[in-house]
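In what follows, a structure is listed as structure tokens, so that the remarks can point back to it.
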Amino acid sequence: MKHLILATLCATLTAGQASALSCLPSDVARAFEQASSAEERYVVLLGSFNFDMPPQTSTDINRPDIRRTEAQFTGEYLGADGFTSAPALTVDLEFDCLAAWCGALPETGDQTLAFVEMVGDDYSLSVGPCFEKTFVRPSPEDVARVEACMRGDTCEEMPLR
């Protein structure tokens, strides 16, 4: 009986570990393909988002609240000829959570590559815990890859390591 209880306890603990957040490594080519094939309209932005993060109101890690705020974006947008200067934009940010894991962006204005949804005349960025639409401090290679995707050149995901 003790072995059965111990086995059940180990299986429960292992299942808890296995249910930990598991994300594919973020990839700009995958994000580009998902955005370009979506019914929604997206724009690719490269620059900084300046905002104040609203305080978290829930202390229950199993039911974290979704935090929303407005950000001022300054930087560039992706066009047919690569990244071009963009006017300052107001972007609605929504930080989504999955159990205890929540998306985040630095509030310091670090350069970010983001796939932002256009909703009418407004812009909305959902930042999930797996960062599938946001790339903080993107490498020059990632910026070049997303530009190549836009030009219709090779747009392949990096192989998983």
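Note that these values count all heavy atoms, side chains included, but never hydrogens, waters or copies made by symmetry.
Note on D81 versus R151: no salt bridge recorded, every NZ/NE/NH1/NH2 to OD/OE distance being 4.0 Å or above.
Scanning for side chain to side chain contact (heavy atoms under 4.5 Å, CB included) contacts around V136 gives L105, P106, D110, T112, with sequence neighbours left out. In terms of the side chain to side chain donor-acceptor pair (under 3.5 Å) criterion, D121 has no residue partners (sequence neighbours excluded). In this view, F115 satisfies the ring-ring contact (aromatic ring centres under 6.0 Å, His included) rule with no residue, not counting sequence neighbours.
The closest side-chain donor-acceptor pair between D96 and S126 falls under 3.5 angstrom. Between the side chains of E94 and S124, no donor N or O sits under 3.5 Å from an acceptor N or O.
The two residues E33 and C155 come nearest to each other via the heavy atoms OE2-SG, 3.3 Å. Of all non-hydrogen atoms in S26 and C130, the two that sit nearest each other are OG-O, 3.1 Å. Taking all atoms of both residues into account, the shortest heavy-atom contact from A29 to R145 is CB-NH2, 3.4 Å.
Residues V116 and L78 do not share a hydrophobic cluster, clusters being chains of Ile/Leu/Val/Met/Phe/Trp/Tyr side chains in contact below 4.5 Å. One hydrophobic cluster, built from ILVMFWY side chains closer than 4.5 Å, cannot hold both L45 and F32; they sit in different ones. One hydrophobic cluster holds both F51 and L89 under the rule that ILVMFWY side chains link at heavy-atom gaps under 4.5 Å. Hydrophobic clustering (side-chain heavy atoms under 4.5 Å, transitive across Ile, Leu, Val, Met, Phe, Trp, Tyr) keeps F135 apart from V127.
Side-chain contact check for V44 versus F83: some heavy-atom pair is nearer than 4.5 Å. Put simply, the side chain of L93 does not reach to within 4.5 Å of the side chain of R68, judged on heavy atoms.
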